[in-house]
There are 2 protein chains.
Amino acid sequence: MSDADLQLLLQYFKALADETRLRIVGLLAGREHSVEEIAASLGLRTPTVSHHLQRLKDLDLVEMRRDGTTHYYSLRLGELLRMNRELMTAEKVRSLASMEGGEAWERKVLRDFFSGEELKEIPASRKKRLVVLRWLADRFEYGRRYPEAKVNEIISRHHPDFATLRRELIGNALMQRENGVYWRVPDTANA
Amino acid sequence: MSDADLQLLLQYFKALADETRLRIVGLLAGREHSVEEIAASLGLRTPTVSHHLQRLKDLDLVEMRRDGTTHYYSLRLGELLRMNRELMTAEKVRSLASMEGGEAWERKVLRDFFSGEELKEIPASRKKRLVVLRWLADRFEYGRRYPEAKVNEIISRHHPDFATLRRELIGNALMQRENGVYWRVPDTANA
DNA sequence: TATCTACATAGACATACATCTAAGTAGATG
DNA sequence: CATCTACTTAGATGTATGTCTATGTAGATA
């Protein structure tokens with residue numbers, strides 16, 4: 001599975017896909033700078049600069065040296081060039097697709113959003129939310145009829161906002177309702 | 001001046017700093033795909049995919065082949081690897097900082113006086129007003145001739161007092177006028 | 001201890017942009 | 001010509017994130 005590769009590439013590109021951070025990298029390439037120096041050079045406030053330095057540090061692209069209360073940051077140019085060289089190769093690019101085809105990706109979504117049986121958060125993107133909803137729908141047996149209270153209780157085992165999730169299950173045609181009674185519907189979108 | 005380098009780098013990183021686009025790149029690395037195929041693979045709508053393909057095409061990272069009404073997209077892997085290799089070198093990184101000093105202040109002025117594309121207020125000081133006027137002049141293409149009505153309309157997008165601003169553009173020799181026709185003039189003060 | 005300095009962290013806010021629906025376009029088909 | 005298909009374009013909407021102010025913290029200084 002190439003998911004780790006993809007996420008690392010994504011982190012790398014996101015870290016550098018910002019004009020301010022590129023300028024900071026440029027400044028640090030010349031010599032080490034304190035946070036205040038950077039802020040003055042770029043016309044920004046120090047918290048803003050701290051924030052960007054943190055993001056660069058997350059990828060080990062910069063390192064910090066303390067001197068009193070002053071923090072001097074410098075660029076790890078070798079690390080930057082190494083990542084750039086090793087992350088983007090013909091092989092890596094081709095491997096980005098090796099996970100497509102659905103199933104591996106869906107398991108990843110479930111891993112990301114569940115902690116055990118508990119849904120940590122309702123995914124914002126339609127695509128990922130549908131994966132979670134299919135999983136939820138699978139908590140219901142085919143052919144069985146559930147009163148609304150029972151539906152709420154089952155969903156509540158996994159997430160407190162049962163009302164939203166119940167509505168989404170209906171909206172995405174994973175379950176049907178009539179006179180306050182619910183039942184599971186075969187998932188045609190999966191075919 | 002390294003600004004062109006910085007902007008190109010920025011475009012490149014922004015283009016790839018998105019999970020969907022990385023997945024598309026991965027898919028196209030294997031073989032050409034139609035828009036519908038990509039949309040189906042990723043669980044997205046076709047307009048979304050078109051949008052991403054357009055962004056990749058802007059950087060010549062993909063190319064398109066028509067067959068009837070179907071558009072087949074494929075990856076220009078060589079171009080991708082070339083950009084990655086040539087954009088991020090020790091030299092280029094160091095050059096990112098070569099422009100600091102004056103320009104930071106100008107960006108600050110623009111930040112202070114603009115709210116998005118809207119000029120909140122015409123700066124009173126000559127120096128700051130000139131920064132704003134240069135920005136306004138950049139809304140006009142070199143070599144193109146604009147009737148006065150068009151000039152007014154373009155300026156109006158950013159501030160209601162187009163008459164004053166249009167006069168200032170002429171007065172500061174950022175644009176020229178003859179027989180009611182306007183055109184952009186190279187900014188000599190920038191050299 | 002009290003204060004000051006240089007940063008970091010938290011939270012608010014605004015902008016950029018990924019995605020969607022709706023509408024438009026151009027080639028294929030009857 | 002009318003219709004269908006595959007795609008693109010336009011406009012709306014929600015989320016992610018860059019920047020800010022306010023506040024917290026750790027080392028220096030008196």
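Here is the naming used below: chain letters follow the sequence lines, and residue numbers restart at 1 for every chain. Any value given below was found using the heavy atoms of this structure, including those in side chains, with hydrogens, waters and symmetry copies removed.
Nearest nucleotide to the A:T20 side chain, out of C:dC20, D:dT19, D:dA28: D:dT19. Checking D:dA28, D:dT21, C:dC20 against the side-chain heavy atoms of A:P47 singles out D:dT21 as nearest. When the nucleotides C:dA6, C:dG27, D:dT15 are ranked by their closest atom to the side chain of A:A124, D:dT15 comes out on top. Listed nucleotides D:dT8, D:dA6, D:dA28 differ in distance to B:T69; the shortest reach to its side chain belongs to D:dA6. Taking every side-chain heavy atom of A:E36 into account, C:dA6 is the closest of D:dT19, C:dA26, C:dA6.
Between the CE atom in A:M64 and the CD atom in A:Q54 there is a gap of 8.5 Å [rounded to 0.5 Å]. With rounding to the nearest 0.5 angstrom, the CD1 atom of B:I24 is 7.5 Å from the CG atom of B:L44.
One finds no salt bridge joining A:R184 and A:E141 here, because no Lys/Arg side-chain nitrogen approaches an Asp/Glu carboxylate oxygen to under 4.0 Å. Ion pairing between A:R31 and A:E37 holds under the 4.0 Å rule for side-chain N and carboxylate O. The pair A:E79-A:R82 counts as a salt bridge, with a side-chain nitrogen and a carboxylate oxygen less than 4.0 angstrom apart.
We find that NZ of A:K128 is positioned 13 Å from P of D:dT15, with the value rounded to whole Å. In this entry the distance linking CD of A:E19 with P of D:dT17 reads 18 Å, nearest Å. The CD1 atom of A:I38 sits 12 Å away from the C1' atom of C:dC7 (whole-angstrom rounding). Distance, A:R126 CZ to C:dT21 P: 6 Å, rounded to whole Å. Here C:dA18 presents its C1' atom at 14 Å from NZ of B:K14, a figure rounded to the nearest Å. Regarding A:D18, its CG atom lies at a distance of 10 Å from the P atom of C:dC17, rounded to whole Å. Put simply, CZ on B:R21 is 13 Å from C1' on D:dA16, counting in whole angstrom units.
Heavy atoms of B:Y72 sit nowhere under 4.0 angstrom from any nucleic acid atom. Residue contacts shown for A:S125 are absent, as no nucleic acid heavy atom lies under 4.0 Å away. Within the nucleic acid shown, A:T70 comes within 4.0 Å of sugar-phosphate atoms alone, with no base atom in reach, counting heavy atoms only.
Taken residue by residue, residues 51-68 of chain B places heavy atoms nearer than 4.0 Å to DNA chain C at B:H51, B:H52, B:R55, B:G68.
Dashed line: the shortest gap from a side-chain N or O of B:S50 to OP1 or OP2 of D:dT9 is not under 4.0 Å. Checking the phosphate oxygens (OP1, OP2) of C:dC20, a side-chain nitrogen or oxygen of B:T48 falls inside 4.0 Å. Regarding contacts with the backbone of C:dA6, every side-chain N or O of A:Y73 stays at 4.0 angstrom or more from both OP1 and OP2.
For A:F140, the ring pair (Phe, Tyr, Trp, His ring centres under 6.0 Å) partners at least two apart in sequence or on another chain are A:Y146.
Neither side chain, A:Y73 nor A:E32, offers a donor N or O lying under 3.5 Å from an acceptor on the other.
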